[in-house]
Protein chains: 2
Amino acid sequence: MKKFTLKDIATHFKVSVSTASKAINDSHEISEDLKAKIQQYAKDNHYRPNRIALSLLRKNTKTIGVVVPNILNYFFVQVFYGIEKNANARGYNIISCTSDESYLKELKTVELLSAGTVDGLIISLSEETQSKAIYDHLKNYSNGQIPMVMIDRVTDEVDCDKVIVDDFEAGYKTTNYLFETGCKNVAVVSTIFDSSVGKLRIQGYQKALEEKGIAYDKNLNVKVGKKDDLEILMTLLLNYKPVDAIIALDEMTAVDVLNICKQKKVKVPEEVSIVGFTNGRLSKYVSPSLSMVSQHGKFIGETAANMIIDRIEKTDAETLPYTTKVVKTSLIVRESSRKTP
Amino acid sequence: MKKFTLKDIATHFKVSVSTASKAINDSHEISEDLKAKIQQYAKDNHYRPNRIALSLLRKNTKTIGVVVPNILNYFFVQVFYGIEKNANARGYNIISCTSDESYLKELKTVELLSAGTVDGLIISLSEETQSKAIYDHLKNYSNGQIPMVMIDRVTDEVDCDKVIVDDFEAGYKTTNYLFETGCKNVAVVSTIFDSSVGKLRIQGYQKALEEKGIAYDKNLNVKVGKKDDLEILMTLLLNYKPVDAIIALDEMTAVDVLNICKQKKVKVPEEVSIVGFTNGRLSKYVSPSLSMVSQHGKFIGETAANMIIDRIEKTDAETLPYTTKVVKTSLIVRESSRKTP
DNA sequence: ATGAAAGCGCTAACAA
DNA sequence: TTGTTAGCGCTTTCAT
């Protein structure tokens, strides 16, 4: 598995390495004759300049790192897709890592990537990082070394470019939509109550309640932990009050809630409207199909890729002010929510 | 965005770079006193040895490249997850790329990765590559340079380690299962008729037909191209013959077939049994839930990661014979297929 | 205990 | 037209 290098070419033609280099790069300094021979030889031997050496020389890697909490979540897959698309188009590669919602894994990943491996980093915080609120690994990162863009799950404690979803507004609008279609008792079911995103959606929900003059009832804000049984929690919820609308803060939960309702013979949407977050593959296909809030993951990825590359390629990068782009959500109304009061 | 290097440390303490290096690496050659000071200073400044420089020196990158045709396909997401898991556990990172089912993009990606960026490559062929049957970019790759493992969509024309699904057997067993449960006219709907995987499943299907003494009817082998309308093809199929079982070769198609049946008031599974390939998120949640063939994507990923790392780390790598691991599928029976004749 | 020098593969001044 | 040298950041002999 010996690599084929410039030196091999140089030795073969008994020329210097720099001559070989110039010939490969089609420099006008080299005679046409020699160039042709060297280029042919290089081609025959599948010579590729070593990117590691080039990276060291040019002090860039043409690679951007992406850290997402969970690759099995369709939202992040879409984000990833968007990043890859734009980054590739601009000549960058992606090195992708998962934090698995773990602070430690996130920390290690960030340290690894920060060691010259990538020219910039796109990261969405793990749930554990957000719940522990430890951001040192990212502060140091952005302070000293290379550009960073945070997406979706972000924190104010780190200064950098950000692309976020307008989760507050999404929570607010979704709740209002349910009110407008005649729902009275709107509950929320969340598995991401510890993340910034989950909290903002709840705040939007609370604002809508407030405007409507309805007191916030924490029993209607169902927090589903890793070990909790959603079915039990749902039973408690439905027995607690005549809930007629449920907002599920992620797609899987929306589907689960729907299935539990069906199983309990609760009619959707006649008795209970359901609206979920993240417009992925599932929601369209279940029946009744689910009304969903789309966060436009692909667009977020594209935007983040452009922001990071812009910053990487700006020579006066440090002087650019950090910006935060807010992506609006769209409510996709399907069968699981009532249309009229 | 100036990087903090050994030189900075050396200058700060007015020592040589090599002394600084040794101190950082806790060499016994350096006085405890100086070591302590240097290590503290390094820590304070978040010094991380430049991985690019180390890669150049050690001639390895501790990174493996992964090229899959389509990241929005749940099977590949699972594979990816498995690769990431095992690779990380063994100290490797993943650089991931999508070929988008395009030969050209695959070619470019492979060339890029082969240029010293990664220590090994895991690849699943794009559909276009398989239909055009051009494998030069991979032959050269495996000949000369770094280890490669092909997964799922592979070709005999390239000598390397492989992890494949027993698609022939899967097609065979699935068809037989349908026969055993009383189905007579088993059709297949495929969007991947050009890929090795799709062809093998069809061959398995044909073998089952043959054993049963049933002539292969190509009208029952529905090929759905990118521009074809599945609904029209399904209508033709159902009008053509009293089909009582349909095998869909990917998950999305299985769901689509199910929905079209429901829409046409064809009862599933009473009138038509449906079995799909790839046990992803969708199949469990639609109703009736879909019986699926699981290819154990995560396991395939884990296996591939181990194979490539084994080969990378073997010093006598070239002498190791190439092996092909075959992963058996499992049929997960749900509601969409009949249980008794 | 510390430093100088070489070298990983490559390019880009600068010489010849 | 071709070659020499230096250097990207680091480690590792081999001096000192």
Side-chain angles (χ1 to χ4, degrees), chain A residues 1-39 41-42 45-63 112 114-119 144-146, chain B residues 1-39 41-42 45-63 112 114-119 144-146:
Chain A
M1 297 283 171
K2 173 76 177 60
K3 300 251 164 59
F4 185 75
T5 74
L6 266 191
K7 205 175 184 175
D8 298 318
I9 298 180
T11 324
H12 181 259
F13 286 98
K14 298 191 172 55
V15 296
S16 74
V17 172
S18 60
T19 303
S21 168
K22 287 171 189 165
I24 297 289
N25 292 304
D26 214 21
S27 159
H28 60 274
E29 294 181 11
I30 307 295
S31 67
E32 290 303 326
D33 185 45
L34 184 57
K35 268 204 296 198
K37 273 193 283 187
I38 289 186
Q39 286 176 7
Y41 184 73
N45 290 280
H46 310 108
Y47 171 74
R48 307 251 108 216
N50 185 323
R51 286 193 91 218
I52 299 294
L54 285 180
S55 290
L56 190 59
L57 200 60
R58 305 209 202 288
K59 291 158 168 285
N60 70 36
T61 60
K62 286 286 175 180
T63 303
L112 186 116
S114 66
T117 318
V118 298
D119 295 342
Q145 320 261 351
I146 62 174
Chain B
M1 297 285 172
K2 172 79 179 60
K3 300 249 165 60
F4 185 75
T5 73
L6 265 192
K7 206 174 183 176
D8 298 319
I9 298 179
T11 322
H12 180 260
F13 287 97
K14 296 191 174 55
V15 297
S16 74
V17 173
S18 57
T19 303
S21 169
K22 286 172 189 165
I24 297 288
N25 293 304
D26 214 20
S27 159
H28 60 274
E29 293 182 11
I30 307 295
S31 67
E32 290 303 325
D33 184 44
L34 184 58
K35 267 203 296 199
K37 273 193 284 188
I38 289 186
Q39 285 175 9
Y41 184 72
N45 290 278
H46 311 106
Y47 171 73
R48 306 249 110 217
N50 185 322
R51 286 192 92 218
I52 299 293
L54 285 179
S55 290
L56 190 59
L57 200 61
R58 304 209 201 287
K59 291 157 168 285
N60 69 35
T61 61
K62 287 284 176 182
T63 304
L112 186 116
S114 66
T117 318
V118 298
D119 295 344
Q145 320 261 350
I146 62 174

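Chain naming here is simple, since letters A, B, ... match the order of the sequence lines and numbering starts at 1 in each. Keep in mind the model is a prediction, meaning the values are calculated, not measured.
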Taking atom [atom2] of [N] as reference, at what distance in whole Å does atom [atom1] of [X] sit?
X       : N      : atom1 : atom2 : value
A:Phe13 : D:dT1  : CZ    : P     : 17 Å
B:Leu6  : D:dC8  : CG    : C1'   : 13 Å
B:Tyr47 : D:dG9  : OH    : P     : 10 Å
B:Lys7  : C:dG3  : NZ    : C1'   : 16 Å
A:Ile52 : D:dT11 : CD1   : C1'   : 17 Å
B:Arg51 : D:dT11 : CZ    : C1'   : 16 Å
A:Asn50 : C:dC10 : CG    : C1'   : 8 Å

- If you look at every strand shown and take non-hydrogen atoms under 4.0 Å, does A:Thr5 touch a base, only sugar-phosphate, or nothing?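 Sugar-phosphate, no base atom in range.
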- Message: On DNA chain D, compare the nucleotides closest to B:Ala53 and A:Lys14; which residue's is nearer the 5' end?
- Response: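 Result of the comparison: A:Lys14.
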- Message: Both A:Lys59 and A:Val15 contact DNA chain D. Which one's nearest nucleotide lies toward the 5' end?
- Response: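 It is A:Val15, whose closest nucleotide lies nearer the 5' terminus.
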- Which of parallel (below 30°), tilted (30 to 60°) and perpendicular (above 60°) describes B:Tyr41 and B:Phe13?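 Perpendicular, since the angle between the ring planes exceeds 60°.
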- Item | Over all atoms of both residues, closest heavy-atom pair of A:Leu56 and B:Leu56 |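 Reported closest heavy-atom pair: CD2-CD2, 3.3 Å.
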- Item | Where B:Ile52 and A:Gly116 come nearest, the two heavy atoms and their spacing |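 Smallest interatomic distance, heavy atoms only, reads CG1-O, 3.2 Å.
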- Message: Please report the end-to-end axis angle for the helix from C:dA1-D:dT16 to C:dA16-D:dT1, five pairs per end, rounded to 10 degrees.
- Response: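 Helix axis angle between the two ends: 60°.
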- Item | Results of side-chain hydrogen bond (donor to acceptor under 3.5 Å, both in side chains) for A:Ser55 - residues two or more places apart only |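 None.
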- Message: Donor-acceptor pair, distance only, cut-off 3.5 Å: does the side chain of B:Asn25 make one with the backbone of B:Ser27?
- Response: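 Not confirmed, B:Asn25 side chain does not pair with B:Ser27 backbone.
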- Message: Looking at B:Lys7, is its backbone amide N or carbonyl O close enough to the side chain of B:Thr11 to form a donor-acceptor pair, meaning the two atoms are under 3.5 Å apart?
- Response: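 At least one qualifying donor-acceptor pair exists.
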With respect to the side chain of [X], which nucleotide from [options] is positioned closest?
X       : options               : value
B:Leu56 : C:dG9, C:dA12, C:dT11 : C:dG9
B:Thr19 : C:dG3, D:dC10, C:dC10 : C:dG3
B:Leu57 : C:dC10, C:dA12, C:dG7 : C:dG7

- Query: What parts of residues 21-34 of chain A reach DNA chain C, counting only heavy atoms under 4.0 Å away?
  - Reply: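 Heavy-atom contacts with DNA chain C come from A:Ser21, A:Lys22, A:Asn25.
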What distance separates [X] [atom1] from [Y] [atom2], expressed to the nearest 0.5 Å?
X       : Y       : atom1 : atom2 : value
A:Thr19 : A:Ile9  : OG1   : CD1   : 12.0 Å
B:Lys3  : A:Lys59 : NZ    : NZ    : 7.5 Å
A:Asn50 : A:Arg48 : CG    : CZ    : 12.0 Å

- 5'-most by nearest nucleotide on DNA chain C - B:Val17 or A:Arg58: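 The answer here is B:Val17.
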